[in-house]
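Contents: one structure, followed by commentary.
Predicted, not measured: the structure shown is a model, and the values here were computed from it. Reminder, nothing fancy here: chain letters follow the sequence lines and each chain counts from 1.
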Number of protein chains: 2
Amino acid sequence: MAKGIGVQGSGGLTRQRDAVLRVIRGSGEHLTACEIYEQARQLLPSISYATVYNSLKFLTNEGLVHEVKFGKGASRYDRETERHDHAICNACGKLVDFDLDLSEELKRQAARRSHFKPESIQLTLRGLCPDCRPGK
Amino acid sequence: MAKGIGVQGSGGLTRQRDAVLRVIRGSGEHLTACEIYEQARQLLPSISYATVYNSLKFLTNEGLVHEVKFGKGASRYDRETERHDHAICNACGKLVDFDLDLSEELKRQAARRSHFKPESIQLTLRGLCPDCRPGK
DNA sequence: GGGTGATTTAGAATTATTCTAATTCCAGGT
DNA sequence: ACCTGGAATTAGAATAATTCTAAATCACCC
């Protein structure tokens, strides 16, 4: 049998990793490591900054969370791990997830042009978010 | 009339900004600020690291280069400023530019789903680059 | 209760980027 | 040519983001 993996009540995650995962799942936003650390400390006051980073790396590798880099500053983490698309506001920098049905044909076309063996495709829209649109 | 803008021979760019721009345009790769600094010093030995950062910010704002964040580590800069698409290798992390004719209909669809006022859309393909494909 | 390997911890170290204050540079006016 | 003012550059310090290190702890197995 596999060696111990920490706590088993939480789906095989240690308390620390579980706390980090919970924070991410509990937020609609895309949080930075720093924000996650602050919130995780409320669930588990003894957790350290390094553990937050370790956990984020672990959870990302396991496919339980998703890392996103955009705009200014630190990486952010997303609870959404299914394929999805991104909209980024050119005015305020906000990132919003949404979902489009991108065709297989589009994927094949991208593969042909790039000479890559395709795994997934994702669309990014840049524009103005509802809060930044003029006239509203 | 506008006040002095440095040197005029180089299309209105100062020697430093021009050197940074030349380095980026002279490379097929997507360079980091650090790599750009090293190469720019060969064109202009007195240039400082801070000036490279300042110039990158300036050139990015002017739309003369493009900043790209992906994978591990520092931001990278791209000479390609026209709309284009990205392919990222899941094995080695390489990023390749390519170009697809994305329809207006797709853009409208993305705008509808995200509730953003669209400006541009871009596709990102993840997969395996030619060097990392098995069986080749 | 002890052994084992993975995990956590605190803090140091490293890397990436921005800031600061002093200096230099250039275009324009005299 | 000289002066002037604002913008750009410089070196280095400061800050932010992330990774590393070594020791302590933990959960599971015997």
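- A sub-4.0 Å separation between OP1 or OP2 of D/dT10 and a side-chain N or O of B/Thr51 is present.
- As a whole-Å value, the separation of A/Asp18 CG from C/dT8 P is 11 Å.
- Residue B/Thr14 has no polar side-chain atom (N or O) positioned under 4.0 Å from OP1 or OP2 of C/dC26.
- Here the C1' atom of nucleotide D/dA17 and the CG atom of A/Leu31 are 16 Å apart, to the nearest Å.
- Counting any heavy atom pair closer than 4.0 Å across all strands shown, B/Thr32 reaches no nucleic acid atom.
- In this structure, B/Arg41 places its CZ atom 16 Å from C1' of D/dT9, rounding to the nearest Å.
- With no hydrogens or angles considered, a side-chain donor-acceptor pair links B/His30 and B/Asp78 at under 3.5 Å.
- A continuous path of Ile, Leu, Val, Met, Phe, Trp and Tyr side chains, each step under 4.5 Å between heavy atoms, connects A/Ile36 with A/Phe58, placing both in one hydrophobic cluster.
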| remark: With sugar-phosphate taken as primed atoms, P, OP1 and OP2 and all else as base, the protein-contact string of nucleotides 11-24 of chain C at under 4.0 Å (heavy atoms; B, S, -) is B----SBBB-----

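- If you take CG of B/Leu59 and C1' of D/dA8, they are 13 Å apart, rounded to a whole angstrom.
- A/Gln16 has a side-chain polar atom (N or O) that falls below the 4.0 Å cut-off from OP1 or OP2 of C/dT9.
- For the pair A/Arg17 and C/dT8, the criterion of a side-chain N or O lying under 4.0 Å from OP1 or OP2 is met.
- For the OP1/OP2 pair of D/dT10 and a distance below 4.0 Å, the side-chain nitrogens and oxygens of B/Ser46 include at least one atom meeting the criterion.
- In the hydrophobic clustering of this structure, B/Leu31 groups with B/Tyr53; members are Ile, Leu, Val, Met, Phe, Trp, Tyr whose side-chain heavy atoms approach within less than 4.5 Å, directly or through other members.
- Counting only N and O atoms by type, the side chains of A/Glu67 and A/Ser75 include a donor and acceptor under 3.5 Å apart.
- B/Val52 and B/Val68 fall into different hydrophobic clusters, where Ile, Leu, Val, Met, Phe, Trp and Tyr residues are linked whenever their side-chain heavy atoms come under 4.5 Å apart, directly or through other members.
- A/Phe116 and B/Leu95 fall into different hydrophobic clusters, where Ile, Leu, Val, Met, Phe, Trp and Tyr are joined by side-chain heavy atoms under 4.5 Å apart, directly or via other members.
- Atom CZ in A/Arg15 sits about 15 Å away from atom C1' in D/dC28, given to the nearest Å.
- With rounding to whole Å, A/Glu62 atom CD is found 14 Å from C/dA6 atom C1'.
- The distance between atom CD1 of A/Ile47 and atom C1' of C/dA10, rounded to the nearest whole Å, is 14 Å.
- Between the P atom of D/dA27 and the CG atom of A/Leu13 lies a distance of 14 Å, rounded to the nearest Å.
- Under the 4.5 Å side-chain heavy-atom criterion for Ile, Leu, Val, Met, Phe, Trp and Tyr, B/Ile88 and A/Leu123 are members of distinct hydrophobic clusters.
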